[in-house]
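Down below is the structure, laid out as structure tokens.
The structure presented is a predicted model; accordingly, all values stated were derived computationally and were not measured.
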Amino acid sequence: MISDLAQLGAGVAIGFGAVGAGLGIGIATKGLMDAISRQPEIAGKAVAFFLVGAALAEACAIYALIIALKLSGMMG
């Protein structure tokens, strides 16, 4: 049986992971909009860099999800 503390740890892991990814993508989006508003000609290049950064932020959320699943006993 999974302990209560492991369940708590799973909730904390996914909570912080989701908040961190959300803040990261929000800050990156703000930076993208500021950059495009100042120099519209770099929009294509800036969006490409933004997508790489967004993917890295989402990867952290996925890692948190994997940790939460392992702690809750739903995954190996």
Side-chain angles (χ1 to χ4, degrees):
M1 180 173 265
I2 306 300
S3 75
D4 292 336
L5 289 178
Q7 294 290 331
L8 178 66
V12 169
I14 195 63
F16 280 126
V19 168
L23 286 173
I25 292 175
I27 292 169
T29 304
K30 179 190 177 299
L32 174 71
M33 294 298 117
D34 287 344
I36 291 176
S37 67
R38 289 188 182 129
Q39 287 184 307
E41 65 273 6
I42 66 160
K45 195 174 199 179
V47 168
F49 285 121
F50 167 75
L51 290 176
V52 171
L56 291 173
E58 283 298 320
C60 291
I62 291 170
Y63 292 146
L65 175 65
I66 290 171
I67 290 170
L69 289 174
K70 283 184 116 7
L71 283 172
S72 65
M74 294 179 153
M75 193 170 112

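- When the side-chain contact (heavy atoms from CB on, under 4.5 Å) test is applied to Val47, the partners found at least two apart in sequence or on another chain are Leu32, Ile36, Leu51.
- In this structure, Ile25 CD1 and Phe50 CZ are separated by 6.5 Å, a value rounded to the nearest 0.5 Å.
- For Leu69, the side-chain contact (heavy atoms from CB on, under 4.5 Å) partners two or more places apart in sequence, or in a different chain, are Leu65, Met74, Met75.
- Taking each heavy atom of Ala57 and Ala21 in turn, the nearest pair found is O-CB, 3.5 Å.
- In terms of heavy-atom proximity, Ser37 sits nearest to Pro40 at O-CD, 4.4 Å.
- Taking OG1 of Thr29 as the start and CE of Met33 as the end, the distance is 6.5 Å to the nearest 0.5 Å.
- Listed here is the closest heavy atom pair of Ala13 and Ala64: O-CB, 3.4 Å.
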Determine, step by step, whether Lys30 and Asp34 satisfy the salt bridge (Lys or Arg N to Asp or Glu O under 4.0 Å) criterion, reporting the C-alpha distance in whole Å, the side-chain angles of both residues, the deciding distance to 0.1 Å, and the verdict.
CA-CA 6 Å; Lys30 179 190 177 299; Asp34 287 344; 3.0 Å; yes
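- Considering CD1 of Ile14 and OG of Ser72, their distance stands at 10.0 Å, rounded to 0.5 Å.
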